[in-house]
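In the text below, chain A, chain B and the rest are named by the order of the sequence lines, each starting its count at 1. Here the structure is a predicted model, which is why all the values come from computation and not from measurement.
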2 protein chains.
Amino acid sequence: MAIPKYQQIADEIRDRIRTGVYPPKSLLPDQNTLAKAFGVSRMTIKKALDGLASEGLIYKQSGLGTYVLGDVTAHTNDSPAEVFEGLTKQEGAEHVSSQVLTFDVSLPSQLVRNKLQLAPDEPVYVIDRLRKVDGQPAVLEHTFFPLKLVPGLTHEILLGSIYDYLHQNLHLKFGGALRRINADVAGTLEVDFLNATRGEPVLQVEQVIWLTTGENIEYSTSRNLASWRGYTILDINHD
Amino acid sequence: MAIPKYQQIADEIRDRIRTGVYPPKSLLPDQNTLAKAFGVSRMTIKKALDGLASEGLIYKQSGLGTYVLGDVTAHTNDSPAEVFEGLTKQEGAEHVSSQVLTFDVSLPSQLVRNKLQLAPDEPVYVIDRLRKVDGQPAVLEHTFFPLKLVPGLTHEILLGSIYDYLHQNLHLKFGGALRRINADVAGTLEVDFLNATRGEPVLQVEQVIWLTTGENIEYSTSRNLASWRGYTILDINHD
DNA sequence: CAGTGGTCTAGACCACGAT
DNA sequence: TCGTGGTCTAGACCACTGA
């Protein structure tokens, strides 16, 4: 039982919605019927439907039934970006390359100490990278990692995906992130490295990422030209 | 049984974490122990813990136990904005007022028809509002509603919270939203109405909102000065 | 009223991590 | 091996909806 039943059932129903067996705006069979049809208990059906509801694919209402809403991408023609992981996973490793502008170790400023919840004597890596997509300059990243959580970082690793290194080599798992998005105008750095014209709008994302242990592992600020890329968020109402 | 048990238990445990009975980095009692302590089945305990995990307050790992992570706001000193509802709910009704710049009905453009999934002959409201917080110009909103879904909109309603009208008077429930955030620079409108200086950075949020029925009810673009407010997102990793 | 989904139980077996 | 959380069952009662 590698894949749990509720997951298999969710996959099957998702597929039936996608292929039109359960068309949008229709009612799904009730949970008891589905339970018998899949040869499974009703709790298992409910768990499968809960998952689909949290994806925004269906909507359940007690006393009424379960509506099919259809794919979220039906609402617009954009598709939402799942952006928990980094640029490498979004664009595909073969499209992304990095140029390392700074790679230093130093004691954290008051701001960085605060963001990473560090003691004054705990050193941090300070990294500036220019990320390129298909050879085109795309994003400027300014990142801090606590040395104690990310030992053995090398120039080599910075050329690829740092997140892959954190996950695969250090076996660290991300617990969550808090992001703040804002607008700014291009300064010297963006003119020099992103081929911006001065005063052009720039989208800035500032984030703190923590591990499943609750320790903060990254504080970073990344900037890209607004004309190149925005930030898309899918928000499902769970009442 | 107005409030379900799993919710009451989640509230109680959240409180114990907050008050230090279960301090951060400690292990929670195991689910069987909690089940006996609360006089409840283990499934109910698990559902309570699932909720806390999705808030990022705890982290469960099979074979190990359940860690306390502590409040998310411990990760930074900002607090995340829960922004499903509008400005009125975020800032409090007594702080928000609106000035109506445009209030028209027209046939939708290709773009608007696409975003709202409308037929060419279905009219839409076109609304421009200047939202003020404590009397200060804060946000410029450009909004489209399909007439068929929002009958009887009046100038009066636009002065307050449209969302309150949709929920309380029309009994409509939001199913979800897709937002796209981007940066721009201030143009004539922002100079005139937001007291911006030309070329100042502006944060723009474009969104499509749909109902629990799957019908799209709003397409809007809102702009505010980047110096006034950013956009904050909390993202919990669910593997 | 009958039918829906929401909650809850008291068990059971499983996969995983540590010892 | 033992204890953990994850899954799953076969029932039960409830609140809500519509006819």
Pairwise N/O distances under 3.5 Å, protein to nucleotides 2-4 of chain C:
from	atom 1	to	atom 2	distance (Å)
dG3(C)	N2	G63(A)	O	3.3
dT4(C)	OP1	D30(A)	OD1	3.1
dT4(C)	O2	G63(A)	N	3.0

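Rounded to whole Å, the distance from CD1 on I3(A) to P on dC14(C) is 18 Å. To the nearest angstrom, C1' of dT17(D) lies 13 Å from NZ of K173(B). As rounded to whole Å, 16 Å separates atom P of dC8(C) from atom CG of L34(B). Whole-Å rounding puts the I9(A) CD1 to dC8(D) C1' distance at 11 Å. If you measure from atom NZ of K60(B) to atom P of dT7(D), you get 8 Å, rounded to the nearest angstrom. Note: CZ (F38(B)) to P (dT7(C)) measures 18 Å, nearest angstrom. Straight-line distance from the CG atom of L28(B) to the C1' atom of dG3(D): 16 Å, rounded to whole Å. Between the NZ atom of K36(B) and the C1' atom of dG3(D) there is a distance of 12 Å, given to the nearest Å.
One N or O on the side chain of E122(B) and one on the backbone of A119(B) form a donor-acceptor pair closer than 3.5 Å. Between the side chain of N216(A) and the backbone N or O of K115(A), at least one donor-acceptor pair lies under 3.5 Å.
Using bins of under 30°, 30° to 60° and over 60° for the plane-to-plane angle, the ring pair F174(B)/H167(B) lands in the perpendicular bin.
In this structure, Y125(A) has its ring center no closer than 6.0 Å to that of F144(A).
Listed pair Y6(A) / dC8(D) fails the phosphate criterion, with no side-chain N or O lying under 4.0 Å from OP1 or OP2. At dG6(D), none of the side-chain N or O atoms of K5(A) fall inside 4.0 Å of OP1 or OP2 (strictly under the cut-off).
The number of heavy-atom neighbours closer than 6.0 Å to NZ of K148(A), taken from other residues, nucleotides and ligands shown, is above 12. Annotation: Y22(A), atom OH; neighbour count of heavy atoms from other residues, nucleotides and ligands within 6.0 Å is above 12.
Rounded to the nearest 0.5 Å, atoms CG (L166(B)) and CD (Q168(B)) are 10.0 Å apart. Residue T221(A) holds its OG1 atom at 6.5 Å from NE2 of H142(A), rounded to the nearest 0.5 Å.
Proximity of residues 40-50 of chain A to DNA chain C (heavy atom under 4.0 angstrom from any strand atom) is restricted to R42(A), M43(A), K46(A).
Using modelled atom types, one finds no donor on one side chain facing an acceptor on the other under 3.5 Å when comparing Y67(B) with K60(B).
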